[in-house]
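What follows is a short report on a single structure.
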Amino acid sequence: RLGSPGEDGVGRLPEPADLLAACESALAPGPWTGLRVLVTAGGTREPIDSVRFVGNRSSGRMGFALADAAAARGATVTAVAANVGLPRNPAVRYLDVTSAAELQAACLAEFPATDVLLMAAAVADFRPALARDGKIAKADHDGGLSIELEPTTDVLGLMAEQRHPGQTLVGFAAEHGSEEHERARGKLVRKRIDAIVLNDISGSETGFDAPENEVAILTADTVETVDRTGKPEVARAILDAVDRLRLRQPGLHAGGMLD
């Protein structure tokens with residue numbers, strides 16, 4: 001809506017924070033200028049029928065915070081958003097998807113031109129083997145309803161198999177209970193990625209759909225703990241860790257690009 005009653009169209013003044021960010025980006029290019037960043041965010045939904053789905057509680061807050069932080073550093077950012085209803089950053093390009101298969105297709109199309117992958121989306125591990133046409137009627141299943149599930153593709157593992165020199169891959173692991181570090185490190189090794197961000201979802205005030213988080217960033221030989229704070233601050237800590245990783249990669253200089 002424009003200032004005049006009943007009028008709408010091009011011309012609305014951006015929010016002051018958006019305007020300031022655009023000015024800062026134009027006047028002082030950030031340290032990630034030239035880097036292409038691919039972020040996944042949200043949670044996939046796997047259809048049972050035309051109405052119901054198997055899903056998870058991921059809101060996309062962490063992924064969107066990562067996309068915002070990367071854009072603030074000057075990167076060209078694409079966010080693959082799985083069912084995310086949060087405000088959008090005009091500096092970020094968004095690709096909306098619903099299911100794990102759609103997320104996989106979007107990621108595989110974008111990945112070859114990507115320098116940094118931040119795989120923050122909660123991708124379903126299983127989906128119904130057969131999605132029913134129409135709505136399943138409760139009256140037809142008084143004795144209960146059984147749904148056969150089949151595994152989805154490991155999207156991050158698939159991209160790791162296709163990586164080329166100069167790419168940095170960061171995964172995320174939502175874990176609950178004891179031995180969480182061991183399970184996260186197992187994923188790091190098994191998926192052949194550079195780092196994994198461990199998110200303990202046992203607490204009610206951090207993790208899924210919460211404004212704050214506390215994580216551990218694991219690499220092959222380090223563990224960095226980020227104490228409970230806002231997700232934008234967690235995102236910046238993760239990007240700092242990516243900077244350190246890329247400086248250790250052969251052929252990369254401080255700006256993060258291949259020599």
- Task: Would you check if the side chain of Arg163 reaches a backbone N or O of Gln167 as a donor-acceptor pair within less than 3.5 Å?
- Result: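 Checking the backbone N and O of Gln167 against the side chain of Arg163, a donor-acceptor pair under 3.5 Å is found.
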- Backbone N/O of Gly43 and side chain of Asn83: donor-acceptor pair under 3.5 Å: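 Pair found, side chain donor or acceptor close to backbone of Gly43.
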Can you find a pair of side-chain heavy atoms, one from [X] and one from [Y], that are under 4.5 Å apart?
X: Val242; Y: Trp32; answer: yes
X: Ile147; Y: Arg52; answer: no
X: Leu149; Y: Pro128; answer: yes
X: Glu110; Y: Leu95; answer: yes
X: Tyr94; Y: Asn89; answer: yes
X: Arg73; Y: Arg236; answer: yes

Indicate if [X] and [Y] have the same hydrophobic cluster label, given that clusters are the connected sets of ILVMFWY residues with side-chain heavy-atom separations under 4.5 angstrom.
X: Val223; Y: Leu188; result: yes
X: Ile193; Y: Phe172; result: no
X: Leu218; Y: Leu118; result: no
X: Ile196; Y: Val123; result: yes
X: Val92; Y: Leu239; result: yes

[atom1]/[X] to [atom2]/[Y] distance, rounded to the nearest 0.5 angstrom?
X: Gln104; Y: Thr40; atom1: CD; atom2: OG1; result: 12.5 Å
X: Asn213; Y: Glu233; atom1: CG; atom2: CD; result: 11.5 Å
X: Leu145; Y: Ile48; atom1: CG; atom2: CD1; result: 8.0 Å
X: Thr153; Y: Asp125; atom1: OG1; atom2: CG; result: 11.5 Å
X: Glu180; Y: Leu198; atom1: CD; atom2: CG; result: 5.0 Å
X: Leu156; Y: Glu161; atom1: CG; atom2: CD; result: 10.5 Å

Can you see which heavy atom on [X] is nearest to which on [Y], and at what distance?
X: Leu38; Y: Cys107; value: CD2-O, 4.1 Å
X: Arg61; Y: Ala210; value: CD-O, 3.5 Å
X: Ala173; Y: Ala184; value: CB-CB, 4.3 Å
X: Ala235; Y: Ala69; value: CB-CB, 4.1 Å
X: Gly34; Y: Asp115; value: O-OD2, 3.9 Å
X: Lys138; Y: Asp142; value: O-OD1, 3.6 Å

- Which of these, Thr219, Leu169, Ile217, sits in a side-chain contact (heavy atoms from CB on, under 4.5 Å) with Leu245?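 Checked Thr219, Leu169, Ile217 against Leu245; only one passes side-chain contact (heavy atoms from CB on, under 4.5 Å): Thr219.
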- Have a look at Arg93 and tell me which of Val80, Val77, Thr78 forms a side-chain contact (heavy atoms from CB on, under 4.5 Å) with it.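 Only one option passes, and that is Thr78.
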- Task: Would you please test Gln162 and Leu108 for side chain to side chain contact (heavy atoms under 4.5 Å, CB included) and show each step?
- Result: CA-CA 9 Å; Gln162 301 178 13; Leu108 290 179; 3.9 Å; yes
- Task: For side chain to side chain donor-acceptor pair (under 3.5 Å), just list the numbers for Thr98 and Arg45, CA-CA rounded to whole Å, side-chain angles, deciding distance to a tenth of an Å, and then say yes or no.
- Result: CA-CA 6 Å; Thr98 299; Arg45 297 177 179 178; over 6 Å; no
- Task: Please step through salt bridge (charged side-chain N to carboxylate O under 4.0 Å, His left out) for the pair Asp194 and Arg244, ending with a clear verdict.
- Result: CA-CA 11 Å; Asp194 301 293; Arg244 293 189 290 272; over 6 Å; no
- Item | Arg246/Val116 under side chain to side chain contact (heavy atoms under 4.5 Å, CB included): CA gap, chis, key distance, verdict | CA-CA 9 Å; Arg246 291 182 65 78; Val116 177; 3.9 Å; yes
- Task: Would you sort out whether Leu117 and Phe111 count as a side chain to side chain contact (heavy atoms under 4.5 Å, CB included), showing the intermediate values?
- Result: CA-CA 8 Å; Leu117 170 66; Phe111 183 63; 4.2 Å; yes
- Message: Could you walk me through whether Met159 and Met119 satisfy the side chain to side chain contact (heavy atoms under 4.5 Å, CB included) test, starting with their C-alpha distance in whole Å, then the side-chain angles of each, then the deciding distance to 0.1 Å, before giving a yes or no?
- Response: CA-CA 11 Å; Met159 287 190 285; Met119 195 73 175; 3.8 Å; yes
- Check the pair Thr44 / Glu46 against side chain to side chain donor-acceptor pair (under 3.5 Å), numbers first and verdict last. CA-CA 7 Å; Thr44 63; Glu46 312 306 318; 2.9 Å; yes
- So with a 6.0 Å cut-off around CG of Asp140, is the heavy-atom count from everything else above 12?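 Yes.
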- Item | Lys/Arg N to Asp/Glu carboxylate O, Arg185 vs Glu182, below 4.0 Å |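 Salt bridge flag = no for Glu182 with Arg185.
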